[in-house]
Amino acid sequence: MPTPLTRTLMLNGRRLAVSVDDGAEDLLYVLRDRLGQHGPRFGCGVSQCGACTVLVDGEIIRSCVTPLNTVAEGASVETLDALDADGTPNPLQRTFVEKQAAQCAYCVNGIVMGSLGWLRQRKAAGDTSVPSEDEIAAFLSGKSSASTFDYICRCGAHRRMIEAIRQAAPEVLA
Amino acid sequence: MTATDISRRGFLAGIGSIAVAFSLGPVAVRPREAHAAAQAQDGLRIDETGDTGSLSWLVLTPSGLTIHSGKVELGTGTQTALTQIVVEEMHLDAGHVGYVQGDTEVTPDQGVTAGSKTVQNGGPQLRQAAATAYQALLGLAAQYFHVSKDQLVADNGVFRLEGTDRQVTYDHLVAQAAVVLTADPKAPTASPADYAVVGRPMARADLPDKLTARFRYVHDVTVPGMLHGRVVRPSGRNARFVSIDPDSMARAKAIPGFVSVVQRGNFVGVVGRTEWAAVQAADADTGIQVDWADGEPLVPQDSLPQALRDPSNQYASVEMVNVGDVDQALASAAATREASYFTPFQMHGAMGASCGVADVRAAPDAAGVQATVWSGTQDVYALRGAIAHLLGLSTDSVRVVYEEAAGCYGHNGADDSCADAALMSQAVGRPVRVQWRRQDEHGWEPLGPAMAHDLRGGVTAGKVVAWEHVLCSPTHGSRPNDNPGTLLAGALTGSLPATLPTDPDDSAGRNAPVTYAFPNNHLTGKLVRSFETTGTTSGVPAAPLRYRFLRSTALRSLGGLSNTFANESFLDELAAAGGVDPLELRLRSLDDPRAKAVVEALADTWAARPKGGNGTGAGLAYQRYETQFAYAAAYVEVQVDMGTGAVRVPRVVVAHDCGLVINPDGLRNQIEGNVVQGVSRALIEEVLFDARGVTSVVWEQSDFHPTPQYPVIRFDAVPRIETVLIDRPDQPAWGAGEPTIGVIPAAIGNAVFAATGVRIRTLPMTPDRVLKALESG
């Protein structure tokens with residue numbers, strides 16, 4: 001039987017409590033249907049495409065397979081929706097537009113949030129070198145040591161996205 | 001990319017090569033508001049017809065210009081390109097333009113948004129409307145100044161009186177006017193030589209909002225009182241509903257937020273107050289368990305190549321080309337070849353699983369609307385008819401509003417998910433949003449069909465003297481129409497699908513005729529019945545519906561990808577047989593100077609190609625889209641791992657002539673997307689199915705889906721892409737959404753041949769398949 005749950009989260013820097021009838025409800029639905037977020041999207045529901053990606057305490061998370069009851073009390077959750085909350089687009093948001101690095105753009109949430117989490121983790125580990133295009137491609141293909149998550153883009157804007165990430169990287173790593 | 005910023009607006013922050021506008025606010029106006037605005041305000045309208053209540057193409061009021069487009073933005077950038085066309089004619093700046101698309105109450109019926117036809121067909125309609133509007137404005141300005149029109153100069157929303165400092169804005173003129181016109185086909189249009197906006201790269205209007213999560217896809221639509229639905233599909237294509245286990249029903253009813261199970265015939269869905277409740281209720285582990293009776297088995301996948309060729313599976317054979325005498329020419333040719341090709345069922349595989357929202361009321365509202373559907377459909381009018389008939393309502397009482405979905409690449413699950421929502425909404429009397437699971441999309445979306453090809457050819461003295469192609473294919477056209485059976489929910493509730501096509505023209509047969517000047521040339525299209533029909537030569541579905549093959553429909557380029565794979569691979573075989581350079585053979589076989597130009601544009605690259613052998617090689621392919629529109633040629637380099645059979649594509653060069661180029665950067669983006677998807681379809685993609693239905697229901701094999709699934713290309717496999725655009729400003733603008741994808745698989749196959757000496761005639765060219773071919777030489 002479902003177990004109700006109330007969880008306190010720091011959603012994009014704002015402290016709030018969310019209550020669900022079933023603590024097993026995946027974070028994706030909590031974010032979209034209860035907390036008004038539109039960045040994370042339903043793509044596959046099985047952690048294979050990246051559309052639902054968010055950062056939880058800085059970690060890259062597939063929210064479609066992350067029950068709310070596995071998210072720590074008070075955890076920080078970061079979504080695409082608030083990346084430009086201060087009025088300035090995140091460097092990745094800006095370079096994706098500069099490079100016109102999307103077509104339908106349904107996938108960009110995952111690719112931007114995943115790359116952001118990855119670059120920040122590199123920086124936190126003391127590596128501020130700008131990754132090569134091959135390294136970026138390997139990360140997005142789940143073949144880097146940092147992450148085994150794959151990211152799908154079905155429209156074929158891959159090369160532009162790789163260029164956009166590389167262009168934004170120095171600012172994210174700075 | 002060579003894009004440069006062309007915007008002249010001061011408040012655009014020019015960063016890098018393309019202007020970035022994050023602070024502009026929404027570029028689209030909500031349709032209902034726009035409609036009300038158009039009706040309520042004076043100004044200048046260009047209507048579709050002169051009738052009262054006519055829909056409009058363009059609405060110009062003091063608050064700005066709004067384009068009403070029946071063609072919809074599918075994520076390909078057509079909104080931006082169409083806007084460029086309109087503002088060019090109206091001497092305006094794109095930044096001020098509103099855009100309303102795909103709404104059966106607001107936008108004219110421009111037919112389906114598909115087939116690379118939006119700029120090509122939709123563009124001229126809007127251009128003429130804009131030219132008409134501009135002439136009307138010019139007339140108003142001439143009256144205003146009491147001068148002749150030729151004394152006026154327009155510049156970004158202002159008319160200046162030449163030789164004076166007097167000027168008047170469009171806003172001022174339309175504030176004084178109440179003008180309604182129809183588009184004048186003879187209204188003068190801007191000269192291509194004077195284009196200031198068309199032909200320049202323009203940043204996509206929709207991308208800033210998409211990057212900041214402000215954009216609203218159909219998945220984000222909410223309606224007051226909206227419930228959430230999920231579908232539970234049958235155990236197989238021919239399965240029948242038996243029952244729902246009573247214990248599981250009780251379990252579902254206990255789920256907090258559970259509303260209802262909706263079952264009609266073989267359609268089963270669940271409705272919940274929350275999405276999570278619906279997810280849980282539809283899951284056999286936590287919600288309802290449905291008992292199905294498996295129906296008749298599908299034709300086995302491993303027998304597809306033979307089954308497509310089996311006359312008992314075919315209902316028609318159509319001679320498409322008959323020039324000269326192929327048999328005689330083959331008999332006297334210096335060298336002859338025969339070869340058979342095969343391509344599998346492939347899927348659109350939209351990044352976002354399909355979603356639809358429907359609000360079906362018990363009675364019509366004051367405006368006469370009883371059902372409203374929000375949909376990522378490619379054709380709001382066609383879906384309206386199908387939904388109306390599914391629900392038993394009049395067409396006029398149904399409104400379909402386009403909301404962008406994930407890229408579709410053809411007729412995917414967008415329409416079907418709306419039918420699911422409509423059925424459930426009608427059943428529960430509340431608005432219902434249906435989000436398909438990935439397994440619903442991969443497992444039940446209408447597919448691009450498998451095709452089989454048999455070719456014979458002869459070459460003498462370096463020229464092709466005989467060419468014969470026989471293709472076998474199920475239908476590529478199952479789009480919605482007034483028959484509810486064209487929707488999956490309709491078929492599941494007992495309606496029969498559409499009658500199969502009577503000929504392969506521009507469907508299975510798209511790009512089957514070659515545009516080479518072969519003296520003896522024969523082409524036959526054999527049409528395969530997807531389901532039991534009413535007779536051996538009938539394409540009419542028999543009742544009860546029983547599928548032989550998987551349901552198939554329009555997937556990017558329809559038969560074109562498979563036909564060009566066969567044609568351009570086989571031409572390479574003849575080049576090898578005749579000892580002719582593949583590029584030279586194409587040039588020799590082409591008459592059309594524009595065709596020759598795209599092939600010649602690759603000549604230097606071709607001359608500098610890696611020497612074939614040792615697993616490295618290059619290949620070429622060419623086609624003219626639909627044999628009458630854009631020209632595309634591709635050069636592809638491959639690296640074949642001789643130990644594993646894995647094919648890598650490190651580099652692709654495309655030469656492309658689609659006439660007048662509207663937005664060069666948008667065009668390159670489309671070509672790049674064609675290349676990437678083409679590589680994916682050539683190397684990786686194949687729908688897998690068993691006797692019941694599709695078994696490749698997610699992207700990757702995993703513990704939860706232990707059998708092989710349906711992956712697509714990943715970032716580390718994407719080639720570097722160069723594009724050569726041949727701009728022809730004095731020629732019509734043809735579409736670019738599909739021409740390039742067709743040449744990619746053949747160019748890869750030809751490169752693999754150059755690299756290994758082995759010809760791969762079946763897609764996808766998986767490592768296993770290539771390795772087997774390498775081993776058998």
Side-chain angles (χ1 to χ4, degrees), chain A residues 1-2 4 20-22 25-26 29 32-33 37-39 41-46 48-49 51 79-81 83-84 89 92-100 102-109 112 134 136-143 150-162 167, chain B residues 1 3 15-18 20 22 74-77 203-204 206-208 210-217 219-220 254-257 274-276 279-280 349-353 404 406-407 409 435 437-438 665 669 672-677 698-700 702 704-705 712 714-718 720-721:
Chain A
M1 278 304 289
V20 294
D21 294 321
D22 180 359
E25 178 166 337
D26 285 313
Y29 303 110
R32 284 182 59 82
D33 298 342
Q37 302 300 291
H38 294 279
R41 315 194 151 279
F42 183 87
C44 68
V46 288
Q48 294 185 350
C49 76
T79 70
L80 181 70
D81 301 63
L83 280 195
D84 63 339
L92 286 160
Q93 292 175 306
R94 201 189 65 238
T95 58
F96 268 64
V97 174
E98 284 171 10
K99 294 282 182 191
Q100 297 285 285
Q103 288 187 23
C104 83
Y106 199 88
C107 68
V108 296
N109 171 70
V112 167
D134 283 351
I136 295 167
F139 165 73
L140 293 169
S141 304
K143 289 177 182 163
D150 266 321
Y151 296 82
I152 291 174
C153 160
R154 184 56 165 154
C155 294
H158 302 68
R159 290 244 66 99
R160 288 169 182 249
M161 290 177 176
I162 291 169
Q167 188 170 309
Chain B
M1 281 190 293
I15 305 166
S17 57
I18 284 200
V20 184
F22 272 98
L74 298 170
T76 60
R204 291 253 306 258
D206 51 336
L207 286 190
K210 286 176 169 176
L211 261 300
T212 54
R214 289 186 179 84
F215 189 84
R216 294 292 176 264
Y217 293 88
H219 305 72
D220 301 310
I255 292 171
T274 64
E275 194 166 6
W276 185 247
V279 169
Q280 296 300 103
M351 176 72 195
E404 191 172 332
Y409 330 106
Q435 168 71 67
R437 300 174 310 146
R438 173 53 47 189
D665 188 65
N669 208 336
E672 291 159 12
N674 269 267
V675 169
V676 172
Q677 213 170 75
V698 293
W699 299 113
E700 291 292 339
S702 72
F704 303 103
H705 297 92
V712 294
R714 293 304 158 92
F715 276 82
D716 62 349
V718 167
R720 289 174 195 282
I721 304 162

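Order of the sequence lines sets the chain letters (A, B, ...), proteins ahead of strands, with each chain counted from 1. Just so you know, these numbers come straight off a predicted model, no measurement behind them.
Under a 4.0 Å N-O distance rule, the pair B:D220/A:R41 qualifies as a salt bridge.
With sequence neighbours excluded, the residues that form a side-chain hydrogen bond (donor to acceptor under 3.5 Å, both in side chains) with A:Q37 are A:N12, A:T79.
At a 4.5 Å heavy-atom cutoff, A:N109 makes no contact with chain B through either its backbone or its side chain. Neither the backbone nor the side chain of A:F139 comes within less than 4.5 Å of any heavy atom of chain B. At a 4.5 Å heavy-atom cutoff, the contact between B:Y409 and chain A is made by side-chain atoms alone. There is no contact between A:L83 and chain B, counting heavy-atom distances below 4.5 Å. Residue contact with chain A, scored on non-hydrogen atoms closer than 4.5 Å, involves the side chain of B:V279 exclusively. Contacts between B:Q435 and chain A at a heavy-atom distance below 4.5 Å involve the side chain alone, from C-beta outward. If you measure heavy-atom distances from A:D26 to chain B, the contacts under 4.5 Å come from both the backbone and the side chain.
Taking B:T274, B:V712, B:N669, B:V698 one by one and counting their heavy-atom pairs under 4.5 Å with chain A, the maximum is reached by B:N669. Contact tally against chain B (heavy-atom pairs below 4.5 Å) for A:V46, A:D22, A:V112: the top residue is A:D22. For the set B:H705, B:E404, B:Q280, B:R720, the entry with the most heavy-atom pairs within less than 4.5 Å of chain A is B:R720. The candidate from B:Q677, B:R438, B:R437 with the greatest count of non-hydrogen atom pairs under 4.5 Å with chain A is B:R438. Among B:T76, B:V718, B:N674, the residue making the largest number of heavy-atom pairs under 4.5 Å with chain A is B:V718. Chosen from B:G349, B:A254, B:G77, B:G257, the residue pairing most often with chain A at heavy-atom distances under 4.5 Å is B:G349. Note on B:V675, B:L207, B:I255: by heavy-atom pairs under 4.5 Å with chain A, the leading option is B:L207.
The shortest distance between side-chain heavy atoms of A:V97 and B:P208 falls below 4.5 Å. Residues A:I162 and B:F715 meet the side-chain proximity criterion, which asks for heavy atoms closer than 4.5 Å. By the 4.5 Å heavy-atom criterion applied to side chains, B:R714 and B:W699 are counted as neighbours. Taking the side chain as every heavy atom from C-beta outward, B:M351 and A:I152 approach each other to under 4.5 Å. Taking 4.5 Å as the limit, every side-chain heavy atom of B:E275 sits out of range of all side-chain heavy atoms of A:F42.
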Query raised in the report: Passes salt bridge (charged side-chain N to carboxylate O under 4.0 Å, His left out), B:R204 versus B:D665? Steps please.
Result: CA-CA 9 Å; B:R204 291 253 306 258; B:D665 188 65; over 6 Å; no
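Between B:Y217 and A:Y106, the ring planes lie perpendicular to each other; the angle is over 60°, past the 30° to 60° tilted range.
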